[in-house]
Chemist: 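This structure is in C-alpha cells; I'll ask about it shortly.
What's counted below: heavy atoms across the whole structure, side chains too, no hydrogens, waters or symmetry copies.
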Amino acid sequence: ALARAVRPHARLAILHVCDPQVPPGALSRVVLAAVDASTRIALRRAALILALSEDYARHSRVLAPLADRVVAIPPPVELGPPSETGQGTRTPGEPQRIGFLGRLTHEKGLDVLVEAVARLPRRVELVLAGASDGVAGGGERERLRELAARRGVQATFPGPLADDEVAAFYRSLDVFALPSVSSLEAYGMVQAEAMAEGTPVVASALPGVRELVRRTGMGRLAAPGDPGSLAHELEAVLQDPGAYRRSRAAVVAALGLEDVLGRYAAVLGDLARRSLR
C-alpha cells in the first residue's frame, strides 16, 4: 500500500503466506476483520498475487475470492547434502522413532501427537525437537512433557538442533509427524527436508500442508486434531516405512530449490517487463 501511495503506477507483487489467526474474543474478531479487509484492499491493487499452493489459495479466507488471479509457487527449500547416518539403523529391541522438528507451540498439534502415540499398538520413542522458550505462540514443552508422562509415552525433548544435526535427525526417524491444527501452517517445509532424507511423513490434511504427501507419495494424511486418525496413519507407516520412501533425486526434483527459483524468476521477470512497457 505504501509503494502504491508513493508510486501510483507501480506494479505490486504480493506473497500471501497464510491467513492470520487470533485468540477467541469480540475484540480479536474486530482486529481480524480489519486485518483481512486491509489485506484484501492490497491484494486487489496487486498486479501479481502469489500463494504457496493452489490448494491453500482455494481455502483461504482472504485469497479464495481472488483465486483466479493467484499464481501458486511453493516456498524455496534448500535441500542440502544427504546425511551419512544410516536410515533407520537401531539395535535389536530398540523402539521405532517418531519425530517432529519445529516450534513447540499449540498450533503444531503436538498434544494430539502425544495422544496418538499413546494409542499405538507398539512401543515407540517420540522425539520432539525444537525451541520452546521465547517462541511466538508460547512454548509448550513442559505441558507436553507432563502429558507424555501421564499417558505413558516415551518422549524426549532435545531442544533446538544445530544446522549440521538436522539431516541426521531426520534419518534417525522411522516417520516424521507434522500434526498441525491451524491455518497458520500453510506448507510445512520440514516435510520436504525429512522426505529428502528418505523419511516418510504423516501430516495433517490441512490445505497446503497436504500437498507434499500428495505430490511425492511419501506418507499419509490424518484428520487435523484427531488423535485416532493420526494414530491410524502413523501405524500404517510404521508397519512398512520402506513402502513410503522415494529416492532423494525424486524428492529434490519435486520439491527442491531449482524449479522454485526458476518459476519465481519467470513470473517476476514478466511483471518487470510489463512495468517497463
Side-chain angles (χ1 to χ4, degrees), residues 21 87-133 135 137-161 166 169-185 188 190-191 193-195 197-206 209-210 212-213 218-245:
Q21 300 290 317
Q87 183 78 50
T89 55
R90 57 177 49 81
T91 58
E94 186 180 1
Q96 289 175 287
R97 286 163 56 97
I98 298 171
F100 166 86
L101 175 60
R103 292 179 298 111
L104 306 186
T105 57
H106 175 72
E107 69 266 16
K108 299 297 184 180
L110 300 176
D111 54 342
V112 179
L113 178 57
V114 173
E115 292 287 355
V117 170
R119 301 183 184 199
L120 293 175
R122 65 181 66 224
R123 178 170 166 254
V124 301
E125 179 186 3
L126 178 62
V127 187
L128 302 178
S132 179
D133 299 329
V135 298
E140 296 203 326
R141 180 179 54 228
E142 294 312 312
R143 189 176 78 86
L144 293 167
R145 194 191 304 275
E146 292 171 4
L147 177 61
R150 190 165 63 249
R151 300 292 284 123
V153 172
Q154 180 183 346
T156 58
F157 299 81
L161 302 181
V166 171
F169 170 74
Y170 288 130
R171 291 182 67 83
S172 74
L173 305 175
D174 293 279
V175 58
F176 180 83
L178 186 63
S180 300
V181 294
S182 166
S183 62
L184 290 172
E185 192 80 79
V190 286
Q191 296 181 88
E193 295 173 351
M195 290 173 178
E197 298 301 330
T199 301
V201 170
V202 173
S204 291
L206 290 170
V209 176
R210 57 195 174 194
L212 283 80
V213 167
M218 284 193 68
R220 298 175 70 97
L221 298 170
D226 185 337
S229 174
L230 183 57
H232 179 270
E233 304 305 337
L234 287 169
E235 176 62 18
V237 176
L238 289 171
Q239 285 179 356
D240 187 9
Y244 298 93
R245 292 188 180 124

Chemist: Could you check whether Glu146 pairs with Arg143 (Lys NZ or Arg NE/NH1/NH2 to Asp/Glu carboxylate O, under 4.0 Å)?
Modeler: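 No salt bridge links Glu146 with Arg143.
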Chemist: With Leu206 as reference, evaluate Pro224, Ser182, Pro179 under the side-chain contact (heavy atoms from CB on, under 4.5 Å) test and give the passing residue.
Modeler: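 Of the listed residues Pro224, Ser182, Pro179, the side-chain contact (heavy atoms from CB on, under 4.5 Å) partner of Leu206 is Pro224.
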Chemist: Mind checking whether Gln239 and Arg122 have side chains closer than 4.5 Å, heavy atoms only?
Modeler: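 Heavy-atom side-chain distance check passes, below 4.5 Å.
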Chemist: With a 3.5 Å distance limit and no angle check, can you tell me whether Gln191 reaches the backbone of Ala203 through a side-chain donor-acceptor pair?
Modeler: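 No; judged by distance alone, with no hydrogens or angles, the pair does not exist.
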Chemist: Do the side chains of Val127 and Phe100 get nearer than 4.5 Å, heavy atoms only?
Modeler: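 SC-SC contact between Phe100 and Val127 ruled out.
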Chemist: Determine the minimum heavy-atom distance between Val202 and Val237, stating which atoms define it.
Modeler: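 Distance-wise, the nearest heavy atoms are CG2-CG2, 3.7 Å.
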Chemist: Between Glu115 and Leu147, is any pair of side-chain heavy atoms under 4.5 Å apart?
Modeler: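 The answer is yes, as the side chains (C-beta and beyond) meet within the 4.5 Å cut-off.
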Chemist: Taking all non-hydrogen atoms of both residues into account, name the closest pair between Thr199 and Met218 and its distance.
Modeler: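 Looking at all heavy atoms of both residues, the closest pair is O-CE, 3.8 Å.
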Chemist: For Ala222 and Leu230, work out which heavy atoms get closest and say how close.
Modeler: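 Heavy-atom minimum between the residues: CB-CA, 3.7 Å.
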Chemist: Does the side chain of Ile98 come within less than 4.5 Å of Leu120's, by heavy atoms?
Modeler: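 When only atoms from C-beta onward are counted, Ile98 and Leu120 do touch, with a gap below 4.5 Å.
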Chemist: Which heavy-atom pair separates Leu101 from Val190 by the least distance, and what is that distance?
Modeler: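 Closest heavy-atom pair between Leu101 and Val190: O-CG1, 3.6 Å.
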Chemist: Which atoms form the tightest heavy-atom contact between Pro241 and Pro200, and what is the distance?
Modeler: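 Scanning both residues completely, I find the closest heavy atoms to be O-CG, 3.9 Å.
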Chemist: Distance only, no hydrogens: is a donor on one side chain within 3.5 Å (strictly under) of an acceptor on the other, for Thr105 and Glu107?
Modeler: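 Note: Thr105 and Glu107 side chains meet the donor-acceptor criterion.
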Chemist: With a 3.5 Å cut-off and no angle check, do the side chains of Glu185 and Ser180 form a donor-acceptor pair?
Modeler: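 A pair is found: one side chain offers a donor N or O, the other an acceptor, under 3.5 Å apart.
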Chemist: Report yes if the side chains of Leu178 and Val209 come closer than 4.5 Å at any heavy-atom pair, otherwise no.
Modeler: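 The answer is yes, as the side chains (C-beta and beyond) meet within the 4.5 Å cut-off.
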Chemist: Just so I know, are the side chains of Asp111 and Leu144 near enough to count as touching, which here means a heavy-atom distance under 4.5 Å?
Modeler: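 When only atoms from C-beta onward are counted, Leu144 and Asp111 do touch, with a gap below 4.5 Å.
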Chemist: Side-chain contact, heavy-atom cut-off 4.5 Å: Phe176 with Glu193?
Modeler: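 SC-SC contact between Phe176 and Glu193 ruled out.
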